[in-house]
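Since the structure comes first, as structure tokens, the remarks are kept for the end.
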Amino acid sequence: MEFVFLAYPSCPELHILSFVGVSLVYGLIITGNILVVVSVYTEARLRTPMYYFLGSLSGIEICYTAVVVPHMLANTLQSEKTITLLGCATQMTFFIALGSADCFLLAVMAYDRYVAICHPLQYPLLMTLTLCVHLVVASVVSGLFLSLQLVAFIFSLPFCQTRDIEHFFCDVPPVMHLVCAQSHIHEQSVLVAAILAIAVPFFLITTSYTFIVAAVLKIRSAAGRHRAFSTCSSHLTVVLLQYGCCAFMYLRPSSSYHPKQDQFISLVYTLGTPLLNPLIYALRNSEIKGAIGRVLTRNCLFPEQ
């Protein structure tokens, strides 16, 4: 059994235009996130928990886009835009797993900022390298476990005769739209998985920032308050982008499914968010900006002989 994607443009001229546009964005995504990863792991001054989590986030973003975008590029140039049942399940498994790991890691980063601002004297003792590694691994494993459960459930359901997916890739809402069994249990199962992957981490982030704001407001100097908030502003911007799109897509009833609208939103969190993440952190963080500049200088202007 194969599925056919219907969201790709039918005009031949648009095929080339779409391919070039997506290729350009994908190249920028890979370049930006690789620069962040290399900067974090080669610059001694960035070997702190906050930057370790940032490097891990960029690494996940690279894998996250690699699950979907190369297949999208191939489909753009092919006449038959199909995917096998197993391929669809595999793509959805890793897409949901890495997307969930992204959400969990953003919650971990919020906790890191909470400890740094609210308990600065205990921060070196609490946020050790071992704990940081365990938190990143736990985020990825939790995302994979949650994804396997959800995908196994979805692909155990009976599909209708139609095999047309009104989307660019195998995402949960368009694939669930092909399921013939109409039951609130199916919809609620997907909603529970979405709550665990999106709502729970967002609640933890909100709780962390509630304590952070309360602690920052107690700082008497305006410069101290500005410095504390500036370390969190980039993270908050990324959180709002990521969770806004994911909540819109997954935390809603299937009756509100609109293919065209969902296709646009999916492009935002598949291409837009991974592209903006390194830009946001680089532009709003002087240390990251300086580290990226030094990496480019060493490897481009003065490469090792």
Side-chain angles (χ1 to χ4, degrees), residues 53 56-69 71 83 85-112 131-157 159 165 167 169-179 181 183-208 238-254 257 262 265-266 268-270 273-274 277:
F53 291 136
S56 300
L57 181 68
S58 290
I60 290 175
E61 294 280 15
I62 293 170
C63 300
Y64 172 75
T65 53
V67 171
V68 171
V69 180
H71 190 254
I83 189 170
L85 184 69
L86 179 60
C88 186
T90 303
Q91 185 183 68
M92 186 186 292
T93 298
F94 286 104
F95 182 75
I96 299 299
L98 294 167
S100 300
D102 218 339
C103 293
F104 293 141
L105 191 54
L106 287 173
V108 169
M109 293 171 73
Y111 173 73
D112 172 70
L131 178 62
C132 294
V133 173
H134 287 169
L135 288 173
V136 171
V137 172
S139 298
V140 175
V141 171
S142 299
L144 183 60
F145 177 78
L146 188 65
S147 175
L148 287 171
Q149 300 292 317
L150 178 61
V151 174
F153 168 75
I154 291 174
F155 282 85
S156 67
L157 299 174
F159 288 100
I165 299 178
H167 209 59
F169 57 94
C170 289
D171 205 354
V172 175
V175 173
M176 282 295 293
H177 198 63
L178 301 182
V179 173
S183 172
H184 290 295
I185 297 176
H186 304 145
E187 186 175 321
Q188 289 171 358
S189 300
V190 175
L191 186 61
V192 167
I195 289 173
L196 292 174
I198 301 170
V200 171
F202 186 73
F203 173 76
L204 295 175
I205 291 172
T206 305
T207 303
S208 296
V238 172
V239 165
L240 293 176
L241 280 171
Q242 179 80 8
Y243 282 90
C245 294
C246 291
F248 179 84
M249 282 293 290
Y250 302 109
L251 293 175
R252 62 175 186 177
S254 59
Y257 171 69
D262 287 10
I265 297 296
S266 70
V268 173
Y269 64 76
T270 304
T273 306
N277 283 359

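None of the values given here were measured: they were computed from a predicted structure. Quick note: residue numbers are just sequence positions, from 1.
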What heavy-atom pair brings [X] and [Y] nearest, and what distance separates the two atoms?
X      : Y      : answer
Ile265 : Cys245 : CG2-O, 4.0 Å
Ile83  : Cys170 : CG2-SG, 4.0 Å
Ala110 : Ser208 : O-CB, 3.8 Å
Asp171 : Met92  : O-CE, 3.6 Å

Please test Val151 against Phe155 for side chain to side chain contact (heavy atoms under 4.5 Å, CB included), starting from the C-alpha separation and ending with a verdict. CA-CA 6 Å; Val151 174; Phe155 282 85; 3.7 Å; yes
Using 30° and 60° as the class limits, which term best fits the ring planes of Tyr64 and Phe95: parallel, tilted or perpendicular?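 It falls in the parallel class, under 30°.
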Are [X] and [Y] close enough that some pair of their side-chain heavy atoms sits under 4.5 Å apart?
X      : Y      : value
Leu204 : Tyr111 : no
Phe104 : Leu196 : no
Pro201 : Leu106 : no
Cys88  : Val175 : yes
Val190 : Val172 : yes
Leu105 : Leu135 : no

For side chain to side chain contact (heavy atoms under 4.5 Å, CB included), just list the numbers for Phe53 and Asp112, CA-CA rounded to whole Å, side-chain angles, deciding distance to a tenth of an Å, and then say yes or no. CA-CA 9 Å; Phe53 291 136; Asp112 172 70; 3.8 Å; yes
With sequence neighbours excluded, residues passing ring pair (Phe, Tyr, Trp, His ring centres under 6.0 Å) with Tyr243: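 If we apply the ring pair (Phe, Tyr, Trp, His ring centres under 6.0 Å) test to Tyr243, skipping adjacent residues, the hits are Phe202.
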Does Ser156 use its side chain to pair, donor to acceptor, with the backbone of Phe153 at less than 3.5 Å? yes
Other residues, nucleotides, ligands: >12 heavy atoms within 6.0 Å of Phe159 CZ: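 Atom CZ in Phe159 is packed in, count exceeds 12.
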Separation of SG atoms, Cys246 and Cys103, below 2.5 Å: no
Carefully, step by step, assess Leu98 and Glu61 under the rule side chain to side chain contact (heavy atoms under 4.5 Å, CB included). CA-CA 8 Å; Leu98 294 167; Glu61 294 280 15; over 6 Å; no
By the side chain to side chain donor-acceptor pair (under 3.5 Å) test, which pairs, at least two apart or in different chains, include something from residues 89-104?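 For residues 89-104: none.
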Start with the C-alpha distance between Phe169 and His71, add both sets of side-chain angles, then the distance that settles side chain to side chain contact (heavy atoms under 4.5 Å, CB included), and finish with yes or no. CA-CA 8 Å; Phe169 57 94; His71 190 254; 5.6 Å; no
Rounded distance (nearest 0.5 Å) linking atom CG of Asn277 with atom CD1 of Ile60: 11.0 Å
From Ser266 OG over to Met249 CE, what is the distance, rounded to the nearest 0.5 angstrom? 5.5 Å
